[in-house]
Amino acid sequence: MELAALLLVPLLASGFSLLPAGRRFAAPVTLLGSVIVLALAVAVAAEAARSGRVAASGEWLTCDGLGALILLLVAFVGFTAALFSWGYVAESVKHGRQKSVRLYYALYNLFVLSMLAVPLLANVALMWIAVELTTLVSAFLVGFEDTPEALEAAWKYVVLTTLGAVLALLGFLILYWGSRIAGLTPFTWSGLVEAAPNMPPALLWPAFLFILVGFGTKVGLVPMHTWLPDAHSQAPASICALLSGVETTTVLYVILRLFPVVGVAQGLDARPWFVGFGLLSVGIATLLFIHVRDFKRMFAFSTVEHMGIILVAAGLGGADAHLGAAYQMVGHAIAKSFCFFAAGVTVLSVGTQDIASVRGLARSSPLAATALIAGGFAIAGAPPFAVFVSEFVIFKAGLASGQYLIVALLACLVVVAFCAVMFHINRMVFGDAQHEAPAMAVPRSCKVTLALAAIPLVIIGIYVPAPLYDLLKAAASAMGG
Amino acid sequence: MPNTSILFALDALTGALFLLTAIGVVATRQVLASLQLFILQSLLLTLSAVLLGIAQGSIHLFAVAAITIATKTLLIPWLLRHTVSAEVYRTREIERVLNIPSSLLIAAILIVLAYVVADPLLTVVGLPFDQVNLPLGIAAMFLGAFTIAVRREAVPQLLGLLAVENGVFFAGVAIVPNLPVIAELAAAVDVPVVALVVGMLTRRIHARLGTTAVGRLASLREQ
């Protein structure tokens with residue numbers, strides 16, 4: 001029952017947001033909806049961690065450990081970003097565009113709905129449609145600020161990620177072909193895992209590649225990543241938190257789901273492809289870090305880097321590496337959304353995204369400076385934050401299974417990326433302040449969001465509650481570890 | 001039992017014309033002409049779905065045919081005319097990155113590549129129709145993606161995207177004749193929504209920037 005409610009609540013919130021009921025209606029409705037969704041997601045995740053699998057509504061909706069993890073992350077960032085939107089959108093939208101504010105919240109709810117649907121829908125075909133919808137409903141949100149740059153970013157985002165989704169569609173059609181040859185099994189993830197040993201390997205192989213490249217475009221894997229830094233730097237900060245924090249992870253989840261399907265096929269090994277694409281993404285993102293000039297763009301490259309690390313971890317194989325991958329997803333979602341909230345507050349305080357023209361933030365805007373430092377350390381992987389622990393777990397698992405070269409390469413790249421991020425943030429925060437009074441006051445809801453989002457940011461690296469650990473274990477075993 | 005060999009010959013002819021329209025979308029000079037080629041391509045997709053539907057007695061393929069006619073030949077052109085201003089359609093010379101002879105040369109290479117990609121798939125026991133529809137569908141996909149890469153105008157890029165989708169369905173009607181919800185829902189809902197979203201974005205870009213030459217937008221890039 002909770003599973004159906006998880007989809008119904010954002011749908012209702014989206015409908016209510018469109019009602020012309022005054023300026024201050026859509027934001028609280030959206031926030032209320034996102035609180036309910038978060039509570040439901042926690043309940044579902046707790047049950048999935050305990051019993052392994054939650055199913056409802058005649059097997060149309062289902063959720064296992066890995067699905068529940070994604071659900072929880074989407075619900076959490078959906079909540080914090082809704083809270084951040086309240087003040088941020090009101091502050092950044094000029095008067096007289098109230099209609100576009102209502103549209104913002106209506107699409108915001110649909111965007112969250114489509115991301116919740118990806119892990120919930122049992123039928124793989126319907127899940128493809130949900131992934132496609134994440135792009136289509138968020139296109140307007142990416143271009144929301146209506147600047148030439150934002151529209152350019154929205155254009156690239158829609159055209160390239162839709163192209164990727166259509167390539168992936170051919171992959172899913174081939175998988176369906178294979179499952180029909182293998183005998184009548186339902187077109188669900190568990191049905192595919194069951195059918196895979198009887199499918200002709202000649203079909204699994206191209207299906208895997210079409211889906212990896214097609215959905216890899218949406219995840220931002222190099223060399224299909226070109227749209228990502230544009231979209232993730234031009235959207236409003238609240239939307240960036242969703243795009244970077246959870247949308248990429250949600251699509252990566254689909255690719256990881258393929259691993260148990262193709263992993264059991266004879267004559268096909270998915271692992272070198274995961275490691276190859278992963279290392280390439282980490283490497284290119286690290287190079288781009290060094291020259292980056294825009295701090296929101298810097299956080300976008302960090303997303304490319306993190307997606308690469310998770311993919312490498314999946315490719316290393318084994319229960320420990322997969323546990324590290326699951327933990328990295330949690331660390332990434334929490335820290336990256338926090339970074340974009342910090343970046344949003346910084347943009348409000350200084351009125352620019354250019355790294356070179358921001359100096360002495362510690363004096364002119366202590367809140368933004370503190371948030372940037374904390375977010376920077378968390379996302380770059382300094383102890384005691386979660387990303388440090390998850391990367392450590394991944395390195396350890398890789399060394400234990402004797403894959404020294406991959407681990408050594410990954411470790412070098414991660415260290416260079418760490419230095420580059422901290423170098424840029426250091427330049428912005430310290431030094432003499434060059435600008436006068438803040439460009440805009442930071443709305444109260446943004447400050448509350450930063451405080452709330454900081455709690456899991458700090459805690460999760462030091463202490464993992466037992467139910468969350470069980471959930472991570474369940475997610476790792478669903479990845480085929 | 002319908003005569004399969006005649007249906008096969010008709011399907012092969014449809015496939016050849018389908019590929020020609022895909023090449024036409026790459027090479028044509030005018031926005032309006034590329035829209036008309038897209039409509040023609042969708043009609044050929046419908047025809048192939050009907051032929052395969054008769055050959056295999058599959059009611060699903062007739063549904064796909066009906067949806068394709070309704071959405072791709074009627075709804076999408078109507079949506080595009082209402083969201084994108086008429087001025088865009090009067091553009092006679094579409095700005096492009098490569099000239100037409102080089103584009104056609106690359107198109108030929110892509111068609112060969114499509115056969116290379118499809119070859120291992122064709123070793124799987126299937127219907128004779130797979131031999132026509134699968135490689136040609138993949139070729140149309142590649143050509144559509146190539147169209148997006150060489151065009152600088154918004155509407156031709158969108159038509160390239162829709163041509164990729166047509167290619168996937170052209171392959172799909174052969175390899176999964178009993179398509180469940182996937183193709184029917186995707187064709188009925190997804191494709192028009194893609195056209196609507198991209199069309200509205202084109203309108204905003206036109207209103208805001210006074211141009212629809214999206215390939216010229218380059219303020220966002222690595223320094």
Side-chain angles (χ1 to χ4, degrees), chain A residues 123-126 128-129 132-133 135-137 139-140 142-143 146-160 162-163 165-167 169-170 172-178 180-181 187 199-203 205-207 209-210 226-227 229-231 233-234 288 291-294 297, chain B residues 117-126 130 134 137-138 141 144-145 148 154 157-158 160-162 164-165 167-169 171-186 189-191 193-194 196-198 200-202 204-205 207-209 214 216-223:
Chain A
N123 188 303
V124 174
L126 291 176
W128 178 84
I129 292 172
E132 176 80 341
L133 279 178
T135 304
L136 295 175
V137 296
F140 172 83
V142 171
D146 216 29
T147 58
E149 290 82 13
L151 290 174
E152 180 188 342
W155 178 265
K156 288 184 190 167
Y157 173 58
V158 174
V159 171
L160 288 175
T162 307
L163 178 63
V166 177
L167 285 186
L169 176 63
L170 183 63
F172 285 113
L173 289 179
I174 296 173
L175 273 187
Y176 187 77
W177 184 19
R180 194 165 52 92
I181 291 174
F187 196 43
M199 286 191 206
L203 291 186
W205 181 231
L209 281 188
F210 274 119
T226 50
W227 62 273
D230 299 344
S233 65
Q234 296 305 319
L288 292 169
H291 286 292
V292 75
R293 292 186 183 182
D294 174 325
R297 231 177 150 75
Chain B
V117 170
D119 194 50
L121 286 168
L122 296 176
T123 57
V124 175
V125 184
D130 297 347
L134 191 61
I138 294 177
M141 274 173 68
I148 300 174
Q157 281 197 7
L158 166 62
L161 192 58
L162 295 174
V164 177
E165 194 125 26
V168 171
F169 278 99
V173 290
I175 60 174
V176 272
N178 57 343
L179 299 170
V181 276
I182 187 162
E184 286 161 34
L185 264 178
V189 183
D190 178 66
V191 177
V193 175
V194 170
L196 181 66
V197 167
V198 177
M200 282 178 31
L201 199 55
T202 307
R204 278 180 71 187
I205 290 173
R208 189 78 176 74
L209 309 175
V214 287
R216 285 247 170 253
L217 301 178
S219 52
L220 299 170
R221 54 169 58 196
E222 309 319 322
Q223 274 93 7

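For clarity, every value in this text was computed on a predicted model and none was experimentally measured. Residue numbering restarts at 1 for every chain, and letters A, B, ... go by the order of the sequence lines.
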Chemist: Select one option (side chain, backbone, both, neither) describing which atoms of A:Ala139 are under 4.5 Å from chain B's heavy atoms.
Modeler: side chain
Chemist: Between A:Tyr157 and B:Leu201, does a side-chain contact (heavy atoms from CB on, under 4.5 Å) hold up when you go through it step by step?
Modeler: CA-CA 11 Å; A:Tyr157 173 58; B:Leu201 199 55; over 6 Å; no
Chemist: Just give me the residue among A:Leu160, A:Val158, A:Thr162 that pairs up with chain B most often, heavy atom to heavy atom, under 4.5 Å.
Modeler: A:Thr162
Chemist: Can you measure from CG (A:Leu175) to CD1 (B:Ile175) and round to the nearest 0.5 angstrom?
Modeler: 10.0 Å
Chemist: Checking A:Ala165 against chain B: side chain, backbone, both or neither under 4.5 Å from a heavy atom?
Modeler: neither
Chemist: Among B:Val197, B:Ile138, B:Val214, B:Ile148, single out the residue with the greatest number of heavy-atom pairs under 4.5 Å to chain A.
Modeler: B:Val214
Chemist: When rounded to the nearest 0.5 angstrom, what is the spacing between CG in A:Leu169 and CD in B:Glu165?
Modeler: 7.0 Å
Chemist: At a 4.5 Å cut-off on heavy atoms, which part of A:Pro148 comes close to chain B: side chain, backbone, both, or neither?
Modeler: both
Chemist: Given the rule in the side-chain contact (heavy atoms from CB on, under 4.5 Å) test, do B:Val194 and A:Glu132 qualify, once you have shown the distances and angles that lead to the verdict?
Modeler: CA-CA 9 Å; B:Val194 170; A:Glu132 176 80 341; 3.5 Å; yes
Chemist: Which value, rounded to the nearest 0.5 Å, describes the distance between B:Leu134 atom CG and A:Leu170 atom CG?
Modeler: 7.0 Å
Chemist: What residue, out of B:Val168, B:Leu196, B:Val198, B:Val193, has the most heavy-atom pairs lying under 4.5 Å from chain A?
Modeler: B:Val168
Chemist: Would the distance check show the side chain of B:Arg204 and the main-chain N or O of A:Phe140 forming a donor-acceptor pair, the cut-off being under 3.5 Å?
Modeler: no
Chemist: Is B:Leu161 in contact with chain A via its backbone, its side chain, both, or neither, using a 4.5 Å heavy-atom distance?
Modeler: side chain
Chemist: Rounded to the nearest 0.5 Å, what separation is found between the OG1 atom of A:Thr135 and the CG atom of B:Asp190?
Modeler: 9.5 Å
Chemist: Can you say whether A:Leu133 sits under 4.5 Å from chain B via the side chain, the backbone, both, or neither, judging by heavy atoms?
Modeler: neither
Chemist: Heavy-atom pairs under 4.5 Å with chain A: which of B:Ala171, B:Ala154, B:Ala145 has the most?
Modeler: B:Ala154
Chemist: Got a donor-acceptor contact below 3.5 angstrom from the B:Arg208 side chain to the A:Asp146 backbone?
Modeler: yes
Chemist: Mind listing the closest non-hydrogen atom pair of A:Ala202 and B:Pro120 along with its distance?
Modeler: CB-O, 3.7 Å
Chemist: Are A:Phe172 and B:Val176 close enough that some pair of their side-chain heavy atoms sits under 4.5 Å apart?
Modeler: no
